[in-house]
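Order of the sequence lines fixes the chain letters, A, B, ..., with proteins taken first and strands second; residue numbering starts at 1 for each chain.
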Amino acid sequence: MPLKQKEAKELDSFKEYDQTSCPICGKPLIGDQDKGELICSSCGLVVEGYNECKGPEWKAIDMREKEKRVRVGAPQTFLLHDLGLSTEIGPENKDFHGKPLSSYMNMSIKSMKKWQNRIRTVSSEERNLAVVLSKINEVSDALKLPKIVTETAAHNYRIFAKKGLAKSKSIIGMAGASIYLACRKFEIGRSLKEIAKLMNVDKKIVAKYYRFMIKENGKEHVPPTSIGRYVSKLVNVMKIDPRVERLALYIMSKTLCSKTFEGKAPSGLAAAFVYISSVLLGERTPQREIAEAAEVTEVTVRNRSREILDNFLIRQRLKVLPKGYEIKSNYTV
DNA sequence: ATGGTTTTTACTGCGTC
DNA sequence: GACGCGGTAAAAACCAT
C-alpha cells in the first residue's frame with residue numbers, strides 16, 4: 001500500500017486540509033478541523049497547534065442528544081488535574097459591565113481568589129497530578145506534539161495514577177513513559193532518548209516504566225515503531241533534499257521485510273536508509289551528521305548500511321525508480 | 001544472575017582535498 | 001594535516017529467561 005494511503009487510513013479520524021501545506025517539506029497537512037491540530041502528512045511532525053480548542057469534548061449523534069449535553073464553559077481536558085471543570089476567578093478586577101470594582105468588593109474578591117486557589121488542589125494526590133500534568137504539557141510542547149497526543153499522554157498517566165500504579169515510582173519517569181506511550185500509539189517518531197533527555201531523567205527509568213505500562217495495559221494495541229517516520233523526521237530536521245527521503249522510504253519498503261533487521265534499533269536503520277539514499281543521489285551527507293541527528297553512532301550507521309547493501313542489490317532493483325532519480329554514486333553492489 | 005545480541009567506545013589505517 | 005570513511009576489538013547496554 002502506498003505510504004500516503006496507509007497514513008490516511010491510519011489517521012482516518014482526521015480530515016484533510018486542502019489549502020495548507022507543511023512549511024518544511026511542502027506536503028499537505030492532516031488536521032482535526034475542530035481542534036485546529038495540524039500534522040504533516042509526510043513527516044508526521046506537528047506543524048503547530050495553531051489555535052485553541054473551542055469545541056466541546058463530546059460528540060452528539062442527534063439534536064436531542066446535543067440538547068441534553070449542552071453546557072457552557074471550556075472543553076474538558078485531561079491536562080488539568082480537575083479536568084478543567086473547576087471555577088476560575090479572572091485576574092482583572094472589573095465587574096460585569098467592565099467597570100472597576102469598589103475597594104470593598106476588590107478586597108472581598110481577593111480573599112475569594114485566595115481560598116479558591118487553596119481548595120482547588122486539595123489532596124496530595126491531586127497536587128501531585130497537577131505537577132505531573134504540567135510537566136507533561138511542558139515536555140510535549142518542547143517535542144512539538146499535537147494536542148491529541150499530549151492529551152493521550154495525560155490520559156495514560158491518569159489511568160495509572162488512578163489504579164494506584166504510580167506509587168513509589170519516579171513521577172517524572174512515569175510522565176515520560178506516558179508521553180512515549182502516546183507517541184507510539186499515534187506513530188509519532190519520538191525516541192525514548194529524546195523524551196528522557198528533555199525531562200532530565202535516566203532513559204532506563206523511562207524505558208522501565210514504559211514496559212511496565214505496556215504490561216499492565218496489555219489489551220491495548222501499540223503499533224511497532226515506524227521506521228519510516230524516523231526517516232522522514234531525519235530528512236526534515238537535517239534539511240536534506242526531500243528526494244532523499246523518497247528514495248530512503250522506497251529502499252526501506254523493499255528491504256525491511258528481510259529478517260536481517262529484526263531486533264535492530266529503528267533509529268540506526270533510519271539513519272542508514274537516509275545515508276545510503278543521500279550517497280546514491282550524490283548528496284553525500286557525512287555519516288557523522290546523520291548519526292548525530294539520529295542519536296546513534298557512526299559505527300551503527302556503517303553497520304546498518306553495510307547490511308542493507310548486502311541484502312539489497314541496489315543497481316539491479318533501482319531500475320524501477322521514477323524519473324529524476326539517477327544514481328550518481330559509485331556503489332558497486 | 002546469565003547468556004546472547006546489539007550498540008557504543010576507542011583506535012587504526014587508507015584515500016582525498 | 002584535516003576530514004570522511006571503513007573496519008575491528010572490547011566494553012557497555014539491553015533483553016529474555
Side-chain angles (χ1 to χ4, degrees), chain A residues 165 169-170 172-174 176-181 183-185 189-231 233-235 237-241 244 247-248 251-252 255-315 318 327-333:
Chain A
L165 294 170
K169 290 199 168 56
S170 152
I172 301 298
M174 282 301 271
S178 311
I179 295 175
Y180 184 61
L181 182 60
C183 288
R184 288 289 297 268
K185 273 186 198 163
R190 294 292 187 286
S191 63
L192 261 176
K193 227 184 219 173
E194 263 177 291
I195 295 170
K197 208 159 78 185
L198 264 169
M199 301 191 95
N200 258 328
V201 247
D202 193 356
K203 189 186 134 198
K204 284 181 218 162
I205 294 176
V206 183
K208 199 171 118 193
Y209 292 165
Y210 171 67
R211 261 173 284 144
F212 172 76
M213 279 186 168
I214 293 285
K215 214 171 103 191
E216 287 295 324
N217 211 10
K219 299 150 257 172
E220 215 168 336
H221 172 71
V222 180
T225 3
S226 153
I227 295 169
R229 293 291 174 100
Y230 275 106
V231 168
K233 185 187 155 200
L234 257 185
V235 173
V237 294
M238 297 186 70
K239 302 204 163 55
I240 314 175
D241 186 349
V244 171
L247 182 57
I251 297 175
M252 187 188 88
T255 329
L256 218 53
C257 47
S258 163
K259 284 200 172 140
T260 330
F261 305 118
E262 273 175 17
K264 300 285 196 288
S267 49
L269 271 169
F273 284 125
V274 173
Y275 176 67
I276 289 175
S277 309
S278 96
V279 171
L280 287 174
L281 294 175
E283 283 259 323
R284 283 252 151 221
T285 321
Q287 288 177 2
R288 184 179 41 79
E289 284 177 33
I290 294 183
E292 199 184 332
E295 299 194 291
V296 291
T297 55
E298 291 165 64
V299 182
T300 306
V301 178
R302 284 201 284 272
N303 288 341
R304 285 307 85 75
S305 297
R306 193 159 32 83
E307 286 161 15
I308 292 167
L309 292 170
D310 285 348
N311 276 277
F312 193 70
L313 306 168
I314 297 280
R315 278 199 182 284
L318 289 194
I327 293 168
K328 291 180 183 152
S329 97
N330 49 359
Y331 266 137
T332 48
V333 187

So do the side chains of Y230(A) and V235(A) get within less than 4.5 Å of each other, counting heavy atoms only? no

Tell me every residue that passes side-chain contact (heavy atoms from CB on, under 4.5 Å) with [X], counting only those two or more places apart in sequence or in another chain.
X       : result
P223(A) : E187(A), H221(A)
S277(A) : V244(A), L247(A), A248(A), I251(A)
T297(A) : V299(A), T300(A)

Measure from [atom1] on [X] to [atom2] on [N] and round the result to the nearest Å.
X       : N      : atom1 : atom2 : answer
R306(A) : dC5(C) : CZ    : P     : 15 Å
L192(A) : dT7(B) : CG    : P     : 15 Å
E298(A) : dG4(C) : CD    : P     : 9 Å
N303(A) : dT6(B) : CG    : C1'   : 10 Å
R302(A) : dT6(B) : CZ    : P     : 18 Å
R304(A) : dG7(C) : CZ    : C1'   : 15 Å
R288(A) : dG4(C) : CZ    : P     : 5 Å

Under a 4.0 Å heavy-atom cut-off, which of residues 261-269 of chain A touch DNA chain B? E262(A), G263(A), K264(A), A265(A)

Counterpart residues, side chain to side chain donor-acceptor pair (under 3.5 Å), relative to E307(A) (two or more places apart): R304(A)

Mind checking what makes side chain to side chain donor-acceptor pair (under 3.5 Å) contact with D241(A), not counting sequence neighbours? R243(A)

Quick one: list whatever passes salt bridge (charged side-chain N to carboxylate O under 4.0 Å, His left out) with E295(A), sequence neighbours left out. K197(A)

Once salt bridge (charged side-chain N to carboxylate O under 4.0 Å, His left out) is applied, do any residues pair with K203(A), and if so which ones, sequence neighbours excluded? none

Between protein and nucleotides 9-17 of chain C, map the contacts as a letter string: B base, S sugar-phosphate only, - none, heavy atoms under 4.0 Å, written 5' to 3'. -----SS--

Taking OP1 and OP2 of dT8(B), is either one under 4.0 Å from a side-chain nitrogen or oxygen of T300(A)? yes

On the nucleotide dC3(C), are OP1 or OP2 found under 4.0 Å from the side-chain N or O atoms that Q287(A) carries? no

Check: G189(A) main-chain N/O paired with K233(A) side-chain donor or acceptor under 3.5 Å: yes

Does Y180(A) reach the main-chain N or O of K193(A) with its side chain, forming a donor-acceptor pair under 3.5 Å? no

Looking at residues 193-202 of chain A, who's got a heavy atom less than 4.0 Å off DNA chain C? none

N/O-N/O pairs, protein side and nucleotides 12-17 of chain B side, under 3.5 Å:
none

If you count the non-hydrogen atoms of other residues, nucleotides and ligands that lie under 6.0 Å from CD in E289(A), is the total more than 12? yes

Got a sec: does the NZ of K208(A) have more than 12 other heavy atoms crowding it under 6.0 Å? no

Kindly write out the residues that satisfy ring-ring contact (aromatic ring centres under 6.0 Å, His included) with F261(A), not counting sequence neighbours, or none if the list is empty. none

Any idea which heavy atoms bring V231(A) and M252(A) closest together, and the distance? CG2-SD, 4.3 Å

